[in-house]
Amino acid sequence: MPTGTLLLIDDEARLRQLLAQVLELEGYTVLQAPDAYRGLGLLGQHAQEVLVVLSDVKLPDAHGVDLLPRFKALAPEAEVVLLTAYGTIPDGVRAMKQGAFDYLTKGDFEQQLVVVVERAAEKARLRRRVAELEKRMSQGHTFDSMIGEAPALRRAQALARQVAPTDSTVLLEGPTGAGKELFAQALHQASGRKSKPFVAVNCSAFPKDLLESELFGYKKGAFTGALADKKGLLEEANGGTLFLDEIGELELNVQAKFLRVLELQQFTKLGDTKPTKVDVRLVAATNRNLKQEAAEGRFRPDLYYRLSVFTIVVPPLADRRTDVPLLAAFFLQHFAARLAKRLPGFEPDTLVLLQAYPWPGNVRELKNVLERAAILAPAGELLAPAYLPDEFHAGTSPRPPADDESLRGLEARHIRRLMGELLGNKPEVAKRLGIGLTTLYRKLQEYGVE
């Protein structure tokens, strides 16, 4: 059942109490005010709790459309739904331009009200969670700044928090794009080395013949072109953390040198005769099965056992689908800010497609998809499925289960209820929903409503 606090402002006492009862039966807490003055006072007191403001347009002391900026100033994350007995197109246009979630005409909104309020409330909840995540992100790369609440992610975070304060080597396993470097940075920030350097190296980004010299450095004259001493990345990370991404790309001879670093905290530069001592914590990451690679001779077994002292599996996005709407909202607002474009959110069908997609490229792919969509989408409009790449439209979206609490699930249940109440009268159902008959037929087929 939906939960949350609503503010209802209407000078018609009987109608206000009736609407409040309907919404309370849906699970909401409803604050009531008979005029703008008392409504603004209540909103000021409960700004952190109110998800949706429902306001009559013609109030004794103000016009509802003119109140929109004041509502938004008091509760920026709340959504506003305006109610009017005599709707006019200019008022409706002005309301939507000033940020109203919807503009409903009294008399034929009873069947729409609950669905509209829940959609507005869901958008407000998501907006608040994104604002909280942005606040966390501004605090740096920490476990608290990670976006997501899925059990698989929480388990990985719990393990990482336990090992972070130690100097133990950590091996992060997971597919490309799942966020292994974010975990490495969070491990560093939660350790006693956080004031020292964090050096990240993607082993697959260097030519194999150059990687050794980049990691360990060299002495002047060690090879043709070595015109001066060079400090390697291991020395750059001294006192801090060295993150080796895609460690499975290391050549076997370089693996042998790294084994010595892990065992003795020292190495010998190219062209040098004396060892160089370092104090470095190693965090490694791979998208391969290193245990199998070691068994087949492509990775040193002794290095694998030293690396896998503490292994953490970073889950793919497919294992944390409940985080997709939150991540998508965060990325959409990030790119909207970069493009200086107002993008208020997603159409329900867009979120359904995003959650149903398998995400082979994981969080990195989701970020890229949202950047593309943010560029294509018109300012001020909800992001429609049309702005997603072609691969999102290849199959049919899955039907929601009976207990689905998503916006899509709520819509499906609402349509089923209306079809039952109106004995399958499709034109009347379409009229009640405020949609075209063609759109209704599409939704009936999509949701499997008989």
Side-chain angles (χ1 to χ4, degrees), residues 136-147 153 156-174 176-206 211-217 230-250 254-269 275-288 290 299-300 302-315 363-364:
R136 287 195 223 161
M137 291 291 284
S138 67
Q139 297 169 356
H141 298 289
T142 65
F143 292 113
D144 288 335
S145 72
M146 290 182 183
I147 299 174
L153 180 67
Q157 287 175 325
L159 286 171
R161 287 178 192 274
Q162 285 183 283
V163 74
T166 74
D167 278 338
S168 295
T169 301
V170 177
L171 178 62
L172 300 171
E173 294 182 338
T176 300
K180 297 189 290 293
E181 185 166 350
L182 287 177
F183 264 83
Q185 290 171 330
L187 283 163
H188 175 72
Q189 287 298 318
S191 74
R193 298 172 179 266
K194 65 181 180 181
S195 61
K196 300 295 183 180
F198 174 85
V199 177
V201 184
N202 187 332
C203 299
S204 63
F206 288 94
L211 185 56
E212 181 178 0
S213 61
E214 289 293 327
L215 287 170
F216 298 103
K230 176 180 171 61
K231 185 186 284 189
L233 294 170
L234 262 167
E235 280 185 278
E236 296 287 352
N238 192 32
T241 302
L242 178 68
F243 173 54
L244 287 184
D245 198 6
E246 306 303 347
I247 195 170
E249 298 291 335
L250 288 181
V254 181
Q255 292 177 27
K257 293 188 76 168
F258 251 105
L259 184 62
R260 184 173 177 82
V261 173
L262 291 175
E263 291 177 342
L264 304 175
Q265 289 281 290
Q266 66 181 38
F267 63 93
T268 303
K269 294 181 182 181
T276 300
K277 287 193 171 289
V278 287
D279 174 20
V280 170
R281 184 200 193 163
L282 181 66
V283 178
T286 181
N287 61 3
R288 300 184 183 183
L290 286 190
F299 198 85
R300 290 183 64 103
D302 46 2
L303 179 59
Y304 167 70
Y305 291 120
R306 285 293 282 115
L307 288 174
S308 59
V309 171
F310 204 99
T311 301
I312 298 172
V313 178
V314 179
V363 179
R364 188 177 297 141

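Residues passing the ring pair (Phe, Tyr, Trp, His ring centres under 6.0 Å) test with F267 are F216, sequence neighbours excluded. Applying the side-chain hydrogen bond (donor to acceptor under 3.5 Å, both in side chains) rule to Q185 yields the partners H141; only residues at least two apart in sequence or on another chain are considered. For K269, the side-chain hydrogen bond (donor to acceptor under 3.5 Å, both in side chains) partners two or more places apart in sequence, or in a different chain, are E235. For S308, the side-chain hydrogen bond (donor to acceptor under 3.5 Å, both in side chains) criterion is met by no residue, not counting sequence neighbours. F198 pairs by the ring pair (Phe, Tyr, Trp, His ring centres under 6.0 Å) definition with H188, not counting sequence neighbours. A search for side-chain hydrogen bond (donor to acceptor under 3.5 Å, both in side chains) contacts involving K277 returns Q266, not counting sequence neighbours. Taking A164 as the reference, F143, L187, A190 meet the side chain to side chain contact (heavy atoms under 4.5 Å, CB included) condition, with sequence neighbours excluded.
Contact check for F299 versus L307: side-chain heavy atoms found under the 4.5 Å cut-off. In this structure the side chain of K180 never reaches within 4.5 angstrom of the side chain of E173, judged on heavy atoms.
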Donor-acceptor contacts, no H, no angles, side chain residues 254-265, under 3.5 Å, sequence neighbours left out:
| unit_1 | atom_1 | unit_2 | atom_2 | d |
| --- | --- | --- | --- | --- |
| Q255 | OE1 | R300 | N | 2.8 |
| Q255 | NE2 | L250 | O | 2.8 |
| K257 | NZ | E212 | OE2 | 3.3 |
| K257 | NZ | T268 | O | 2.9 |
| Q265 | OE1 | V280 | N | 2.8 |
| Q265 | NE2 | V261 | O | 3.4 |
| Q265 | NE2 | V280 | O | 3.3 |

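Residue R281 holds its CZ atom at 12.0 Å from CG of L242, rounded to the nearest 0.5 Å. Here the CZ-CG distance, from F310 to L159, works out to 5.0 Å after rounding to the nearest 0.5 Å. The CG atom of L303 sits 5.5 Å away from atom CD1 of I247, with the distance rounded to the nearest 0.5 Å. Interatomic distance, SG of C203 versus CG of L244, reported as 4.5 Å (0.5 Å rounding).
Contacts classified as salt bridge (Lys or Arg N to Asp or Glu O under 4.0 Å) and involving residues 181-196 (residues at least two apart or in different chains) are given here: D167-R193, R193-D279. Pairs engaging residues 236-250 under the salt bridge (Lys or Arg N to Asp or Glu O under 4.0 Å) rule: K208-E249, E249-R288 [sequence neighbours left out].
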